[in-house]
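Below, chain A is the first sequence line, B the second, and so on; all start at residue 1.
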Amino acid sequence: MKANYLDELNEQQREAVIHINGPLMIVAGAGSGKTKVLTTRIAHLMRNGVDAFNILSLTFTNKAAREMKERVEKILGGSEARNLYIGTFHSVFARLLRAEAHRLGYPNDFTIYDTDDAKSVLKTIINELNLDDKHYKPNFVYNRISAAKNSLMGPEEYQVDNLVQQEDMRANRPLIGKIYDMYAKRTFKNGAMDFDDLLFKMYVLLKTFPEVLHKYQHKFKYIMIDEYQDTNPAQYEIIKLLGAVNENICVVGDDAQSIYSFRGATIENILQFEKDYDDVKVVKLEQNYRSTKSILNVANEVIAHNKGQIEKNLWTDNTEGDTIKLVRTQTDNEEGKFVADTIAEQKLRNHYDNRDFVILYRTNAQSRSFEESLRRKAIPYRIYGGLSFYQRKEIKDFVAYLRITMNTRDEESLKRIINYPVRGIGKTTIEKTIVFSNDHNITMWEVLERAGEFGFKGGTLEAIDGFVTMIRSFQALLTKHNAYDVAVMVGKSTNIVKELFNDKTTEGLARYENVQELLNSIKEFTETPDEEGELLDKSMGSYLQQITLLTDADQGNNEDSDVVKLMTIHAAKGLEFPVVFTVGLEETLFPSGMSINTREELEEERRLFYVAITRAKARLWLTHANSRYRFGNLVQNEPSRFLEEMPEKFIDRSYAGGGSVRNAFGGGNTSGWSNSNNMFDRVQKKTPAQQTQSATPRPAPKPVSSAATTHVPTVGFTPDDPAGMEPGMQVEHQKFGFGTITAMEGAPNNRIATIVFPKGGGEKKIMLNYAKLRIINK
DNA sequence: TTAGGGCGGGATGAC
DNA sequence: CCCGCCCTAA
């Protein structure tokens with residue numbers, strides 16, 4: 001261990017680090033060395049005799065957890081750090097629940113439903129209740145339920161709570177409580193927890209089982225929580241329970257950076273911390289080591305427009321630095337082009353690498369214009385967020401097999417793959433299965449296992465039995481093989497990998513590669529030693545649990561690759577970059593049109609802006625466009641109100657024309673980004689009116705329908721039994737006329753013939769069970 | 001049973 | 001523009 005680790009801290013930082021026992025609140029301004037304090041404090045605790053096994057550290061992202069562990073290891077110079085319990089709230093609780101879930105009636109290998117899974121369950125329930133899902137939008141219902149769970153309100157309470165019921169009445173959606181109740185029962189039946197359950201059920205567990213609470217209270221003698229301003233009531237109560245005996249709770253946060261109220265976070269947690277415990281030690285970290293004076297001054301001035309903050313005075317010793325550049329462009333495309341051009345120019349002029357730049361936006365949908373412009377200039381980039389890897393269809397399909405293998409109660413996964421790849425278990429069969437499972441109060445899987453008893457017959461029964469046998473064969477592998485071997489078997493037996501491999505379209509290729517990447521990630525999981533201290537758990541269950549909780553930002557396997565990064569401001573929390581572009585600073589976009597109706601919402605948008613500004617170390621560009629495409633058509637936007645809240649002194653509004661579009665570099669219009677041709681093209685091409693008024697004549701009727709009128713079936717046309725049809729035969733089709741069978745595919749009970757009709761539109765794929773064909777000769 | 005086209009309705013953020 | 005749903009043809 002480095003002996004001098006305390007010397008590297010300023011006075012306030014040191015004060016925080018050496019406070020070992022009793023509640024501690026660290027108010028850490030942006031860039032004030034918060035992570036350094038947290039990691040040093042952990043090291044200090046350990047140096048003063050605290051066992052690593054007794055320290056719990058909760059972070060906001062898995063990536064932050066990983067970094068923290070590495071930094072502690074560096075200070076300590078040993079391997080003791082691997083025994084620390086560090087992770088996000090969700091991942092830590094998921095692990096604890098994996099050991100305890102049986103007490104609540106869940107399988108320990110419960111499935112974790114992501115947001116999409118949860119909404120899919122909701123949609124099913126809404127349809128079952130014969131409600132209109134346009135009115136009871138799954139998204140809306142999900143948010144209501146999520147909010148309830150985050151304030152520890154179960155379905156029973158929800159349905160009798162006056163305030164909540166009034167809200168639902170006023171929103172004209174009185175049945176949300178009923179849906180919540182069914183949702184809770186359904187997910188329980190499925191052996192599944194959603195993200196909010198990981199907190200809610202953790203709380204229930206600790207409340208219901210004193211011996212469990214006792215166990216963890218004594219295990220986690222020291223608790224540290226990062227980003228405390230973004231915790232919700234459920235997290236708050238859990239921490240209160242866990243910390244009740246020792247009260248060695250250290251929270252770190254910055255009320256000015258609270259940006260997750262939509263997830264139930266309440267700023268009250270940090271504002272009230274001092275009142276929750278006696279003798280709370282409060283330390284304020286006010287020296288910023290990250291940004292230039294210009295940047296920090298602008299940030300301070302902006303956030304001063306909010307009311308009711310913890311008083312603090314963030315300052316810096318850094319140089320004044322460059323002014324903040326404010327840039328206005330005509331369109332979103334030009335905004336993209338401007339940013340790409342500026343990145344290219346800055347790389348030359350100030351010797352930056354790609355990795356020094358980040359583009360921050362309010363919504364994921366804004367990434368497009370930047371992607372295009374960066375690609376055009378051959379600047380490598382990576383987008384964080386948006387559809388995460390594990391949300392892609394092909395990945396979810398594959399993972400569904402793994403999930404159902406681990407937990408046959410998981411109905412969402414079962415429905416996903418029961419007929420993928422096609423095996424002749426169609427909609428009718430699935431619906432029957434659901435009805436039986438509801439009637440007999442058993443799982444769908446149990447119905448399938450006893451399909452014969454429920455009257456399934458013939459080909460359907462065979463298909464079901466085959467499916468059940470296959471899943472059982474995967475389950476049999478679980479005891480003797482690791483997650484990777486099982487996954488490879490799944491890929492082979494189901495034919496998924498082969499099927500994707502044979503799809504030679506661009507998307508098919510990408511899907512194949514994604515599945516390969518999934519397999520690689522499973523392999524990596526099984527081969528790298530577990531850092532989390534506990535038992536080495538390389539099981540499939542452990543793997544599945546962690547991937548659902550992975551953020552896109554956590555997939556930083558090529559962390560040091562030299563690329564420009566694109567992400568939302570939310571995703572940028574905790575990060576810093578030499579050069580920051582904050583884009584789309586327009587009314588209705590930033591601040592979001594959804595968040596301008598109350599002071600609270602607007603203040604959160606402003607804090608978000610504050611977070612964006614304070615990511616920058618040296619240079620900051622703020623851009624906005626006069627108009628941009630939304631829903632496919634051009635809309636005008638006013639500049640963001642936040643732009644008026646900045647001190648003129650540090651702002652350069654003349655940069656790139658100060659409101660008009662002009663090239664800033666080298667005078668000429670050489671790069672062409674201010675040229676509006678691009679937009680004009682787009683309008684011309686994409687306006688529907690242009691297409692309908694096109695001078696070209698109406699397209700000729702489709703060949704299919706013209707063929708239908710030309711062929712007159714032979715007198716007395718009677719279709720033959722398709723069972724006897726084979727490649728090489730001549731056949732007659734009612735509409736397409738005479739043709740030759742050239743190939744045959746599909747399952748025996750659902751064969752698809754490829755037939756060439758010389759006069760009937762060429763090659764066609766015909767499903768023999770439905771099309772009427774007459775055999776001419778063999 | 002299922003694939004593909006036409007059509008209407010929809011965008012905040014994310015463990 | 002993009003996704004999901006419904007309808008129709010095979």
Set of side chain to side chain contact (heavy atoms under 4.5 Å, CB included) partners for A:Asp116, sequence neighbours left out = A:Asp114, A:Gln391, A:Lys396
Separation of atom CD1 in A:Ile418 from atom P in B:dT1, rounded to whole Å | 12 Å
How many Å lie between CZ on A:Arg423 and P on B:dT2, as a whole number?
-> 11 Å
Given atom CG of A:Asp133 and atom P of C:dC3, what is their separation to the nearest angstrom?
-> 18 Å
A:Asn419 atom CG is separated from B:dT1 atom P, nearest whole Å, by 9 Å
Exactly one candidate in A:Arg416, A:Lys415, A:Arg403 meets salt bridge (charged side-chain N to carboxylate O under 4.0 Å, His left out) with A:Asp117; the answer is A:Arg403
Roughly how far apart, to the nearest Å, are C:dG4 and B:dG13 at atom P?
-> 16 Å
Taking side chain to side chain donor-acceptor pair (under 3.5 Å) as the test, write out the residues that go with A:Tyr236, two or more places apart.
-> A:Asp276
Grab the CZ-P distance between A:Phe389 and B:dC15 for me, whole Å please.
-> 16 Å
Partners of A:Glu638 by side chain to side chain contact (heavy atoms under 4.5 Å, CB included), sequence neighbours excluded?
-> A:Glu587
Check ring-ring contact (aromatic ring centres under 6.0 Å, His included) between A:Tyr610 and all other residues, then give those that pass, not counting sequence neighbours.
-> none
Closest nucleotide among C:dG4, C:dC2, B:dT2 to the A:Lys123 side chain = C:dG4
A:Ile547 atom CD1 is separated from B:dC15 atom C1', nearest whole Å, by 15 Å
For the atom pair CG (A:Leu566) and CG (A:Asn364), what is the distance rounded to the nearest 0.5 Å?
-> 10.5 Å
Partner residues of A:Ser592 under the side chain to side chain contact (heavy atoms under 4.5 Å, CB included) criterion, sequence neighbours left out = A:Arg362, A:Met594, A:Ser595, A:Glu605
Nucleotide B:dC15, atom P - distance to CG of A:Asp226 in whole Å | 15 Å
Footprint string (nucleotides 8-14 of chain B, 5' to 3'): B base within contact, S backbone only, - free, heavy atoms under 4.0 Å = --BBBBB
Length of the line joining A:Tyr420:OH and B:dT2:C1', which is rounded to integer Å = 15 Å
Look at all strands and tell whether A:Asn633 reaches a base, only sugar-phosphate, or nothing, counting heavy atoms closer than 4.0 Å.
-> nothing
